Structures are given as structure tokens and as C-alpha cells.
*Asks:* 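I have a structure here, written as C-alpha cells, and I will follow up with some questions on it.
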2 protein chains.
Amino acid sequence: MFPLGNINIGSGFWGARQATNRNRTLPAIYHQMKQTGRLDAWRLDWQPGRPKPHIFWDSDTGKWIEAVSYSLMNYPDPGLEAQVDEVVDLIEKAQQPDGYLNVFFTAVEPQNRWRNLRDKHELYNAGHLLEGALAYHQATGKRKFLDVLVRYMDHIDQRFGSKEGQIRGYCGHPEIELALVKLYHATDEKRYLDLSGYFIEERGQSPHYFDLEANRRGDDPQQYWAKSYHYCQAHMPVRQQNTAAGHAVRAGYLFSAVADIAAENDDAQLREVCRLVWDDLTEHSLYITGGLGPARTNEGFTFHYDLPNETAYAETCASVALVFWAYRMFEIDPHNRYTDVMERVLYNGMLSGVSYEGSHFFYANPLASYPNISPCEDWSGIRTQRYYRRSEWFECACCPPNLARLVASVGRYFYSVKHDRVYVHLYNDSHARLEVNNRRVQIQQRTNYPWESTVVLTIQLGQPQELEIALRIPGWCRDFDLEVNGAPFSAYPINGYVPIRRRWANNDEINLSLQMPIERMASHSAVRQNAGCIALQRGPLVYCLEEVDNRAHLANVIIPRQAQLRAIGDANLFGGIHVITGDAICREPHDWHGGLYQAQSAFSYAQSTFEFRAIPYCFWANRDPGEMRVWMRET
Amino acid sequence: MFPLGNINIGSGFWGARQATNRNRTLPAIYHQMKQTGRLDAWRLDWQPGRPKPHIFWDSDTGKWIEAVSYSLMNYPDPGLEAQVDEVVDLIEKAQQPDGYLNVFFTAVEPQNRWRNLRDKHELYNAGHLLEGALAYHQATGKRKFLDVLVRYMDHIDQRFGSKEGQIRGYCGHPEIELALVKLYHATDEKRYLDLSGYFIEERGQSPHYFDLEANRRGDDPQQYWAKSYHYCQAHMPVRQQNTAAGHAVRAGYLFSAVADIAAENDDAQLREVCRLVWDDLTEHSLYITGGLGPARTNEGFTFHYDLPNETAYAETCASVALVFWAYRMFEIDPHNRYTDVMERVLYNGMLSGVSYEGSHFFYANPLASYPNISPCEDWSGIRTQRYYRRSEWFECACCPPNLARLVASVGRYFYSVKHDRVYVHLYNDSHARLEVNNRRVQIQQRTNYPWESTVVLTIQLGQPQELEIALRIPGWCRDFDLEVNGAPFSAYPINGYVPIRRRWANNDEINLSLQMPIERMASHSAVRQNAGCIALQRGPLVYCLEEVDNRAHLANVIIPRQAQLRAIGDANLFGGIHVITGDAICREPHDWHGGLYQAQSAFSYAQSTFEFRAIPYCFWANRDPGEMRVWMRET
């Protein structure tokens, strides 16, 4: 990934999302962290009898600093930077003489340090702090936070390993593995890469570390609350794994790191593991929105083709993790099968995690919404028409700062450079300074994507240079036109990218036009929940119907196969979007006598036609509460 | 209800179910109760450090004895009776000098007697023991068990009430209320009726008893685990209630007792409460199978028209309770709207609770089944094709003996006698001795109902007598023929019953023929889960498709509106049943290239036709595991 400071997304779809992220989301997260004691907890002044800091809190700080740092790279903000510096001072003071750094296991349970790697997230927290420190250093040049984390990583590097006296373990929640690879890139110190690799290789080995440590604590490993090590992808050694199983966020972080290690070590076996798990996920268990992990119970995977819509968990963090993983998959296997998924997640199941105005968040991202008695919230069965809405915060608040760091850094995922080839993955108004074969190449994109299908790319160079620009032709696009400097350019995509190899001169221009009809998407026939239903998609955007634009009882609405569908710009909605409209049928009894059930012979159906209106899924639940559906009946 | 010994169901549908109940279910329950320590717990020899008896265990004993007693009324069995006597001896010895009788709060936590009525089921257990004692006395004439329970009830009558020193409370789980009415009927002592009425009137009054007792325990009432007193129908005084809310079994027992009290005291307001709650339930929240309480979380109600199929909880006990309630509703408001529901529950959602062979049980009764990761059982997300199957037993084993006592006593629900009118509710081969205006009237039914539509009723009398026989014309029946002694008899149903008033002579014969076509049932348009779907029903039986008779991916099967449906006898299946067959369409892509989602423009659908086969829902999950659906797509 090239330095984020080298790409500027000034406007367009992602420009607006980043502005909201900067102006509303980051301050909202800071406010919540302050209010809930997450920041002050770094003072380590917890006293018995007071509420305990949560074991996850350190990671919230880490992700917030990371998000702020990415934002600062393009939008310096001395006030924001001062906020971070203040927190960094606290963190520095919280570091123990031996380098250890963790609020809970310093202030509350120092006797339990490293005693329950399976459940207690110590290394996970360390990883998130490290990512924050690396980003802050990159953004500001300030070393203090990074120095603290390097000391901590050195401590971890000493404590963990297979040598005598070391802990032969790894974290129940993968995260530090990918952070250590970033530290390796920043420092060129290979031992950090090796430590990451060590954690990955140890995972799931026998005798099982989580059994051993449970026995040491006097716990029965058989009584593991999550029932199986599938939950944390430790049910077998990573090199033997080939399925997406367990907790979805953990899987996303783990296989991101595995892909990193495969790339760094040119490890064909790990590359194959990544591909197998990826294919298992994307062919059986991925929502059309890019959400993953259907079940609330394990926050993760169930069985193939099990994709319930109303009860979809599809945690925001899992979608964030899938973006990380998808980009890394492309790095080890350049193909649009990965970047197509990356785009799908970014525009749909990840972005739905935050409100349009920026300060409310979804943890779960269902694909249909009805009045809901959440099993976690209400045992009473009180019958209020309560719809699922975004929250200002969560007790376990992993999602808001995770989403914020990804929105702030989305520019990182626009390009990959390999030798003299520049892959263009994403399209949005933007300006990027790339380094290709040690020469600077700038690419200016002008487009109203994803609303409109034309992208103009201007190549800026000091002097003419031969290189290849490889443009992603998304899987959803069945036809495209391409011109270079006004002349038609004929080419076929290779692995999903159209290569344009030539000697480029300054201000050479590429005109790419991606056909973007409204598609009626169908599911694999084994997805029982979508039988007889379609979803509407245009470009990368999956659409949904909301009650506020349509009517209640969306289950009775049918979008006939022959309906003419139109994409229409609405400048007043969400800063200007395209809605999809067309004639839908509503089929309901017209002479139902009351009661719940009747023989069909006792009543008749009435069909009415109305013009439905669908909006992009990522913008749902921003207006009046009501029903929502992605998958609509078609017959 | 007339004495159960006065009706004999020798054969036919219910005769076979009762034989299985007697020969397999009752012994299986005894075996499980013995194995799990439920019976030996009455020795009160629990020692600290050993597993504690469960607070519900007493009720299991009570219900098992009740079920055995009902069976003994028609099928004397000295061995079975000796089993009960042995248990009764233990129970008698467990009674405390003051009359108190409860395993847990005598052997384990004597200091906590009556301290947590909200959660601890003490009065609930007492009610079930009392029902068992009354039934056993009725069946055998032996008084010992009943004497024990009368002492206990007298103790309770002294402890509870509004006088100084009494506990002004009531049970979180209603049950004793309806048991006390039975005791009143058996003894004619009005104070038992009054105590039942007292419990009902106190429920939900302010200051709230459950608040007061929580405070006395040092607990915060706001921290009630079930969040709201809706859970136990104590959110407001009973006389103000008008909705079916909270835990479904509790609601069923409570309103059964409220209907009893309304009848005994001719209380118009309580009658109206019952009607309002009944209508709320049956118009908004009842599965077509007679299941109720869709949510596992509260084992109860959610919101109107929320009837998920796969995740339906629809506890067996709730269906049992609904039969009790429905019969009592008829007693206070004679109309087939109640007995139709009673029949629906008996033949479908109640009976599905036990396997055909009789020793495996469902707690929850879903209306669709797919491989399932039960949130209560498995956090791992391991992808096995596990289907929901019946269990031999449950830690909380309320359902098996509850179902067993209802099957054993189903004859009780066949008739009601009011003055000189005999209501005939249910049809099955049977012989009943009724007392009408102090004269004995016997009714012999000969029929192959519910498979065939003809019922022959022979009236047997000592001497000719004028009386009215009122035959239920089920709501599902749109036309019927009636003959008396071979001559057509023309009459319209009144409140769902055809009255035949005449001077009957011995061996007069009624021939009733109920048209029983296969009906395609539709749901109210607000039931989103059934949109575009139908269920097949013939007579009282709701049908379902199982994979074993059809194919997998039942979601892709469509039963076209024009399909000819046939009911065909299959003598080899479940002792001889009628299956429903017809031509169904299976619509699936024929050129799907793989992957989860595709634009419809990229593939085409293939339609194949096959002869589907549906079986009665009550017999599902008795053969090879696989998918099951009640609601099938029709277009």
C-alpha cells in the first residue's frame, strides 16, 4: 500500500463520506470514549468497587488514533492532533517498566497477565495499539507512541516463542499478526515478521495451547464457553484449514495476516490456504451486501448457504476485516475476484455501519428489517413497533472506530503497483501520486461514480514513460468502452483488469465507460431465504426498499420480471443519489374477513400497481423507521 | 368435564395415540425421571456438594402421576399403580409437619421458602402435585396422595392472603389457580375457589408484590432478568389485561384459571378479559398448527403477526395449555371458535411434541426445518447437516409429562353437557356415558375421522328422552350432510354447532358427513413470513412436506394454484394415514455457473414437475432427517 498521504479524495462519493467521517464520526467517537471512561482508564487509577475497565477498551483507543491519523494525512488538524498527543502521554505513562502495556491487566488483574490468551484479548489490544502508533507516526512523524509500542512488541517478542521459558501461545482473537507485518514494513526488522509467522504457525497445533493454559488456570478445557476452537479458527493448524468457520471478524483478521505472510515469504502453501478459505466464504457464506457471519450467537459462520436476512448479524467489523483481507488476496493473486468483493463490501455492508450524518452506528447489518424484539434486549414481548436503528455507542464498541479507520483510509485501496504496472481498483474523484519503477506517476480521476459510469483518468508524468495501467472491469459490468486520448482502445480484461501498456506522456487521458444497467440479482438455489426473490443492483450498489418510500407489508410487494426499472437522480437525498424506480405489484386479499388463516377458496386477491422506489442499502435507516428489504419477491 | 372413566376411546386416531402413550410414553417418562434422580429426590437426602434437584422437579412427578391416573381410568394396570403408590409414599414422607411440601425448598434451601415467588415456582409445583393427586384419587379411589395435598393446600391457604401475617403474593408461573378450582369441584369447599380467585386478583396489583419481595431479598427489582412483568402476565391487574403477552405457557394456564373463575362466579368482566386476550391471540399470534409463542428468548409472544417458521418456538406445553384454555372458553361462551382452535392444537402443534413411537419429544415445534445451528447448543459454527430432532428428555422436562397427561385425557374434551344439551366437540371411535338431566345417555361414535369424513353417532338410552345433541361443524368444513335415523336432517349451525333436538329413542342414529376437501390455506397479509405461500390442510390436519418424501431445497418447490391435489390413503405409514399428493413445480437455474449471486440476465431457469407428497405435520421428523416445510410457495 502506498502512503495514504499520497492520495487525495477531494469530492465525489467517498469525498463526502470522508468529510462526514472527519467532521462527525471521529469527534463522536472521541466524545463517547471520553464519556465512558475509556481514555481516562489509561491513568490506571481503577479502584476496587468501581466499574472495571473492559478488557477490549485499549483497542478502541488504538483504532481511534489510527482513524485520526489517516484523516490527518490529508487534512491536518492541530486540535485533533493535540487530542491524540494527550492520549499518547497517558498511554506512555501506563507502560510498565518491562514494556507491558494493557489497562485491564495492569490496573485490575495484574496477577492474570497472559494467563488466558484464549479469551482475554491482550495480544489483540496490542495489535490495535500498534496499528494506531504506526499510523500516527506516518501521519505526523512523531515517534513517541511508536516507540512505546516498539518497546511493547519487543517485550512480547521476548515473552512468546518456543524457547524455554517463553509462552508457546497466540491470541484467541487474531489481530496482532497483521499489525506485526506492518511494523516489519515500517522498521525492516524481520523478527517482527517472524513473530507474526510464529503466531500463525502455532495456531491450532497439538497439544492445544488453549487446553494447556485452561488446565493451568484450573479450568476444564471441555467447558470452553464457545464450545469449539472453530470459534477462534484454532480448531486445526492454519496450514490445514480450508473453510471459513467461527467468529467472522477473527477469520478476517487471521487470513489477512496469513495472506501477508504468504506474500512476504512467497509461501505457496499459505497462499493456497487463503484461496481455499476465500472461495469457501465467497461461494457459500457472503451476503450480497458484503456482510458475513450470519449468526449472532457466535458472531460468525453457520453452514453453507445459510443467509437469513432479518436476523443477519453481518457485523460491521467483519466487513471491515473483509476489505483488509480482499486487498491482501489481490496482492498474492492479482484478480478482480478479490477486488470485486472489496468494492461490494465498501459500498454496501461496511458503509451501512454508520448513519448518513455520521454519529450513529450499526453493529449488525441485517438485509431486512421488521419490528423487532431483540433477543439480547427484551424478554418481555412488549409489542411496540420497534425497528432496528443505529446506536450512538456500544458497550463493546469495536465497530465505530473500525469503520472510521477504514473510511479515512479508503484511498489506500484504490491502486496497487507491481513493477511497471499500476492496477486501478476503485473509481472516485481523486488524485494520487504513485511511484512506479522509481518514477513518480500521478493519476487524476474525474467521475461521478458510482452514480454515473464514466471515469476520466489523466496520467501526469515528468517525462514520457512506458508502463501499464490495468483498469478493473468490475464483475457486475458486462460491457465497457475505453478510449485513450480520444481514440477507441480495444482490449480484453485479463483476470478482470484491462491492461493498457504504452509509452505514456503527460496528460494522456483514459476514458473508461462501464455499462451500469440495473441488474436483477438472483441467489444460488440453495439459499432458501432468497427463493423466488431478487435484489436490485446498479454498479457496485445494492439497493433496498424502505417503507418510508413505499408502503408497509413489503413482503407482499412483487417486482415483476417484466417491470421496467429506471435509475433516477435525486439531488435532495443523501447529498445526491440515484434511486431505482419501476412498477411493482402489491398482492393482498381484498375480501379477507379477518382472522389469521383462511382457505383460498374463501377470498380473492386484489392486485394493485404502484411505483416503487429503492435506495442504496448503505443509506437505509436514516429516515422514518419502518420495514426494509433487500430481497424482494419477483413472482 | 365428565369423569374420564366414562369415555372409552378404543381405536381410531386417538385410540392409537393413547395406546402409544400408555405403552411407550409413560414408561419412558418414568424411566427418565428415575434415571435423573427426580423421583429419589423426594427422599430429601440431598447433600451439599452433590448436584441440586431442580426447582421444577416436583411438577414433573405431579404431571406424570396425573397422566398415569388418566390412563388407569380406562386401562387398569396394577404394576403402574404400584409404581405410583411407591412414589406417593415418598411424597407423603417428604411433607413437613406444617404441611409444606417441596423438594428443593425443604432439602436444599429451607431458608428461602416463599421468598421468591416470581422465579422459584413453589406454588406452580404445588398446583401440579394437586392435579396429580386429584386425578389419582379419581382413578383409584385412594385418598393418601390427595390427603397430603389437601394438607398442603390448607397450609398455603393459611400462608397466603391479605390478612395480617399472610403473604400477599402469587406465583410467577400460574398453575395452582386452575388446580385449586379442580380441588373446589372435588371437595365443594369454597375457600379453595376463593384462594384461586385471590391469586388472580392480586396479580399485577400495585404496590407490585414482585418488587416488594425482591427488595426484601436485597435484590433490585429493576434488574429483573426477564426485564418486564409482561413475561409472567403480572404487568397489570388481570382485569385490565387484553393482550396475549409474555411467556406462552404461563398465559395459557393463567387464562384457563381466569375462565374457570369467570364461570364459577358468573363474572362478566373476567369473561370479557378472557375473550379479549383470546381474540388477541387467535387473530394475531397463533400458528396454523396451534403453536403459540414464536420466540425462544421469552418462550413467548413478540408482536402481532410475527410468526417465523424456522425459528418458531411454539412450545409443546403452550399448546397443551391452549387446549385447557380453549375448552374453558367454550364453557363460558359456547362457540366453535374455541373448540375449532382446540381441535387444531390437538391434531397438530400438540401432537407433534411426541414421536410416533412415543419416547422422543419436542420442546419447540417449528413449522420449517433446515440444518440448524441452535443458538443454545452450539457456538462453534461447525458445518454439519444437523436437523432438529426430538429428544429423549430435557433438563427442564415440562413438556413430556404435560403432553402425556393431555393425550391420556383427550376423551375429556369430546363432550360438554349443559342442561339437556350435549355438545359434541370431537369425533373419533369412542363410547361415552353422559349424564343429561340426571339421566344416563350413552353415545357411541363410529368413524375413521380425521381420515374420512363420516361419523355415525348412536344414542343409547334406557327410555326415550327429549334432549338436544349439538354437533360441532368445524370451521374448516364448508358443507356437511346430516341424517337422523336415515332421514335427511336439515339445520344450520348455531355458534358452530348443529342442534338436533328431539325425543331420542334407544339406538337412534345420527349420520354426519363433513366435507373434507384439501384446502389451500393462506395467511393474513401482515404475516410476512408466509407471503406468497400456502399451507395444505384437510379436515383438522395441517400437512407438511418432508425432504424424505420429496427432495431437498423445498424452498424452490412451488405448488401451483391450479395443481390438482389428491388425498390418498397409505396403510403402511404411521399406522395408516392419508397423504396429500399433486404436481409441484421445482424452479431452479439450469445454467448457473457457480457462485452465490448472478444477474438474471446471465442465466435461465429450468422448471421441472414432480409429484409431491405431504404428510400430517404431527407426524414429521419420524423418518430420515431432512428439510421440512408447512408453508410452501405457490407462485
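Below, read A as the first sequence line, B as the second, and so on, with proteins coming before strands; counting in each chain starts at 1. Predicted model, so just to flag it, every value in this text is computed and none were measured.
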*Asks:* Who wins among A:His235, A:Gln537, A:Glu634 for the most heavy-atom pairs under 4.5 Å with chain B?
*Replies:* A:Glu634
*Asks:* Tell me, side chain or backbone of B:Ile534 under 4.5 Å from chain A's heavy atoms, or both, or neither?
*Replies:* side chain
*Asks:* So does A:Gly496 get a backbone contact from the side chain of A:Arg337, meaning a donor-acceptor N/O pair under 3.5 Å?
*Replies:* no
*Asks:* Identify the heavy atoms of A:Glu547 and A:Tyr387 that sit nearest to each other, and give their distance.
*Replies:* OE1-OH, 3.6 Å
*Asks:* Taking atom types as modelled, is there a side-chain donor on A:His304 or A:Ser285 under 3.5 Å from an acceptor on the other?
*Replies:* no
*Asks:* Hey, is B:Arg478 close enough to B:Glu519 for a salt bridge, meaning N to O under 4.0 Å?
*Replies:* yes
*Asks:* Less than 4.5 Å to any heavy atom of chain B: does that hold for the side chain of A:Ala522, its backbone, both, or neither?
*Replies:* both
*Asks:* Among B:Pro308, B:Ala295, B:Gly532, single out the residue with the greatest number of heavy-atom pairs under 4.5 Å to chain A.
*Replies:* B:Gly532
*Asks:* Between A:Gly595, A:Pro589, A:Ser601, A:Ala368, which residue shows the highest count of heavy-atom pairs closer than 4.5 Å to chain B?
*Replies:* A:Ser601
*Asks:* Under the 6.0 Å and 45° cation-pi test, does A:Arg587 pair with A:Tyr605?
*Replies:* yes
*Asks:* Regarding B:Arg528 and A:Glu310, does a basic nitrogen lie under 4.0 Å from an acidic carboxylate oxygen?
*Replies:* yes
*Asks:* For the interface with chain A, which of B:Ala599, B:Gly300, B:Ala602 has the highest count of heavy-atom pairs at distances below 4.5 Å?
*Replies:* B:Ala599
*Asks:* Give, as side chain, backbone, both or neither, the part of A:Leu286 having an atom under 4.5 angstrom from any heavy atom of chain B.
*Replies:* both
*Asks:* Could you tell me which of B:Glu627, B:Arg561, B:Glu588 has the largest number of non-hydrogen atom pairs under 4.5 Å with chain A?
*Replies:* B:Arg561
*Asks:* Check each atom of A:Thr282 against the heavy atoms of chain B and say whether the ones under 4.5 Å are side chain, backbone, both or neither.
*Replies:* backbone
*Asks:* Is chain B contacted by the side chain of A:Arg633, its backbone, both, or neither, given a heavy-atom distance below 4.5 Å?
*Replies:* side chain
*Asks:* Heavy-atom pairs under 4.5 Å with chain A are the metric here; pick the option from B:Ser525, B:Gly293, B:Gly475, B:Ala555 that has the most.
*Replies:* B:Ser525
*Asks:* If we ignore angles and hydrogens, is there a donor and acceptor under 3.5 Å between the side chains of A:Asn242 and A:Asp279?
*Replies:* no
*Asks:* Measure the acute angle between the ring planes of A:Tyr229 and A:Tyr224, then classify it against the limits of 30° and 60° as parallel, tilted or perpendicular.
*Replies:* tilted
